[in-house]
Amino acid sequence: GPKYLVAKTDPNTYATERIGWYVVNINANDVATLGATPKWFLATLFLPEDRSSEDMVREIFADMSRAAQELGVALCGGHTEVTAGLDRPIVVGQMLGEVEKDRLVLKTQARPGDDIILTKGIAIEGTAIIAREKGPELIKTFGQDMVKRAQNFLYEPGISIIREALLAAGAARVHAMHDLTEGGLATGVLEMAQIAGLGVAINKDRIRCYPETESLCSHYGLNPLGLIASGSLLIALDPKDTQKVLDALRKEGIQAEAIGSLTEKKKGFKILEDKEVKELPFFQVDEIARLFEAEGKKSSALPR
């Protein structure tokens, strides 16, 4: 037929307060980066033997149903069981989608000289997690209004990148797309380049960082370039198509900016900062993991 069926499996292994909502969105994001429209979702839910309740199960499935409905996806099946040895619920999602065969976007198609567009701003998810985990202590420093805005980053600007991915793929011949997750922008840019066997050069001045993100990162001594960043999308494309895609995104109210370009592999991974070319920073672990590990505890909202 004229379409590919695209399949993606991704688990959420941490007991977040919105685990069902998370697992739908993270799987949908990965399908959308292939230029595909998410359509059908299945979930396998493992429940802890001694810590489960009917209310817990109903809440998880209600969250999955709401998230699927928001995205126009059918929650069409899966499996549920109580499993020995678990201390928290675990959800493994599988998203299926469709894409016209001539519109499939593969990360290996990126080319030297491609521009890189960043949608929204960086560290959206990380900002929300920190604000939710440390709300009471942050309110004392920044006030309730600012902390509530940061907590709401999960929904506004939001961690879904489906709209921008499909808009970009429909506006021009996109070579590659990559949704930012663990390790933040720096890791995502590095991954995009390495998958295609290329180097990269980005301009820090063009990277949007929200005031709330800057404040929280400064407060805890974190680098926003390495903070979990679901909600931001990288788009690689021919420079002649860059303005066309930027216009299509901005017309729909989605902030976007060309932040750099892919280069020949031998040129390495560079960032222009304060008019000086430096090596792109490498993060062994996500900055949010470093934050909570430094306190000797594991956050219930750490990235999956």
Side-chain angles (χ1 to χ4, degrees), residues 29-30 32-35 103-125 157 159 161-210 213 223-250 252 254-273 275-283:
N29 281 353
D30 285 339
T33 61
L34 294 172
R103 306 303 295 181
L104 181 68
V105 178
L106 297 176
K107 293 179 175 68
T108 52
Q109 295 172 342
R111 307 166 187 170
D114 278 355
D115 277 347
I116 299 175
I117 291 175
L118 170 71
T119 67
K120 301 176 185 168
I122 59 172
I124 292 170
E125 186 178 6
I159 67 167
I161 52 85
I162 295 173
R163 282 183 64 226
E164 47 260 54
L166 297 182
L167 278 168
R173 174 59 67 182
V174 170
H175 293 165
M177 292 190 286
H178 191 50
D179 61 319
L180 302 180
T181 53
E182 290 91 342
L185 174 71
T187 302
V189 167
L190 183 67
E191 289 171 343
M192 173 177 264
Q194 288 181 324
I195 289 169
L198 301 174
V200 69
I202 61 173
N203 187 336
K204 188 175 181 182
D205 289 342
R206 296 182 183 176
I207 297 168
R208 184 183 186 192
C209 187
Y210 299 96
T213 304
N223 187 335
L225 293 177
L227 185 60
I228 185 169
S230 296
S232 304
L233 176 68
L234 295 177
I235 304 165
L237 73 174
D238 193 300
K240 67 180 177 58
D241 292 322
T242 298
Q243 195 58 50
K244 188 188 305 181
V245 170
L246 289 174
D247 289 345
L249 293 169
R250 292 167 180 169
E252 295 299 318
I254 299 170
Q255 173 70 30
E257 189 65 59
I259 63 167
S261 61
L262 292 164
T263 63
E264 296 288 348
K265 183 178 181 179
K266 63 184 179 182
K267 294 185 177 180
F269 312 106
K270 307 296 182 181
I271 182 169
L272 179 63
E273 183 177 358
K275 299 182 180 180
E276 181 182 350
V277 177
K278 304 177 181 179
E279 293 295 321
L280 185 70
F282 175 76
F283 295 89

Look at K244 together with D241 and state whether they make a salt bridge at an N to O cut-off of under 4.0 Å.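 Salt bridge: yes.
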
Nearest-0.5 Å distance, [atom1] of residue [X] to [atom2] of residue [Y]:
X    : Y    : atom1 : atom2 : result
I162 : T33  : CD1   : OG1   : 10.5 Å
H175 : R111 : NE2   : CZ    : 3.5 Å
L272 : K275 : CG    : NZ    : 10.0 Å
N29  : H178 : CG    : NE2   : 11.5 Å
L104 : L34  : CG    : CG    : 6.0 Å

Residue pair [X] / [Y]: nearest heavy atoms and the distance that separates them:
X    : Y    : result
A32  : A165 : O-CB, 3.5 Å
A110 : A236 : CB-CB, 4.4 Å
S230 : I159 : O-CG2, 3.6 Å
A186 : F283 : CB-CE1, 3.7 Å
L198 : P112 : CD2-CG, 3.6 Å
A229 : L185 : CB-N, 4.4 Å

Partners meeting side chain to side chain donor-acceptor pair (under 3.5 Å) with K270 (sequence neighbours left out):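 For K270, the residues satisfying side chain to side chain donor-acceptor pair (under 3.5 Å) (neighbours in sequence not counted) are E279.
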
Who passes side chain to side chain donor-acceptor pair (under 3.5 Å) against Q194, sequence neighbours left out?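 Side chain to side chain donor-acceptor pair (under 3.5 Å) check on Q194 returns nothing, list empty.
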
Check: residues 258-267 side-chain donor-acceptor pairs under 3.5 Å, at least two apart:
residue : atom : partner : partner atom : Å
T263    : OG1  : G199    : O            : 3.4
T263    : OG1  : V200    : N            : 3.2

Residues L227, I122; criterion side chain to side chain contact (heavy atoms under 4.5 Å, CB included); working and verdict: CA-CA 8 Å; L227 185 60; I122 59 172; over 6 Å; no

So, the side chain of S232 versus the backbone of G121: is there a donor-acceptor pair under 3.5 Å, distance only?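 Checking the backbone N and O of G121 against the side chain of S232, a donor-acceptor pair under 3.5 Å is found.
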
Is the backbone of Q109 close enough, under 3.5 Å, to the side chain of D114 for a donor and an acceptor to pair up by distance?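 No; judged by distance alone, with no hydrogens or angles, the pair does not exist.
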
Beyond-backbone contact of [X] with [Y], side-chain heavy atoms, under 4.5 angstrom:
X    : Y    : answer
L180 : E125 : no
Y210 : K120 : yes
E257 : L118 : no

Would L234 and I117 count as a side chain to side chain contact (heavy atoms under 4.5 Å, CB included) here? Give the steps. CA-CA 6 Å; L234 295 177; I117 291 175; over 6 Å; no

Between side-chain atoms of residues 202-209 and protein atoms elsewhere (two or more places apart, or another chain), which donor-acceptor pairs fall under 3.5 Å?
residue : atom : partner : partner atom : Å
N203    : OD1  : D205    : N            : 3.0
K204    : NZ   : E273    : OE2          : 3.1

Please list every donor-acceptor pair under 3.5 Å in which a side-chain atom of residues 166-173 meets a protein atom from a residue at least two apart or in another chain.
residue : atom : partner : partner atom : Å
R173    : NH1  : D102    : O            : 2.6
R173    : NH2  : D102    : O            : 2.8

When you look at L233 and M177, which way does the side chain to side chain contact (heavy atoms under 4.5 Å, CB included) test go after all the steps? CA-CA 7 Å; L233 176 68; M177 292 190 286; 4.0 Å; yes

Those residues that, when tested against R103, pass salt bridge (Lys or Arg N to Asp or Glu O under 4.0 Å) (two or more places apart):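 R103: no salt bridge (Lys or Arg N to Asp or Glu O under 4.0 Å) contacts found.
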
Go through it in stages, so that I can follow the logic: the residues are L249 and I235, the test is side chain to side chain contact (heavy atoms under 4.5 Å, CB included), and I'd like the CA-CA distance, side-chain angles, deciding distance and then a yes or no. CA-CA 12 Å; L249 293 169; I235 304 165; 4.2 Å; yes

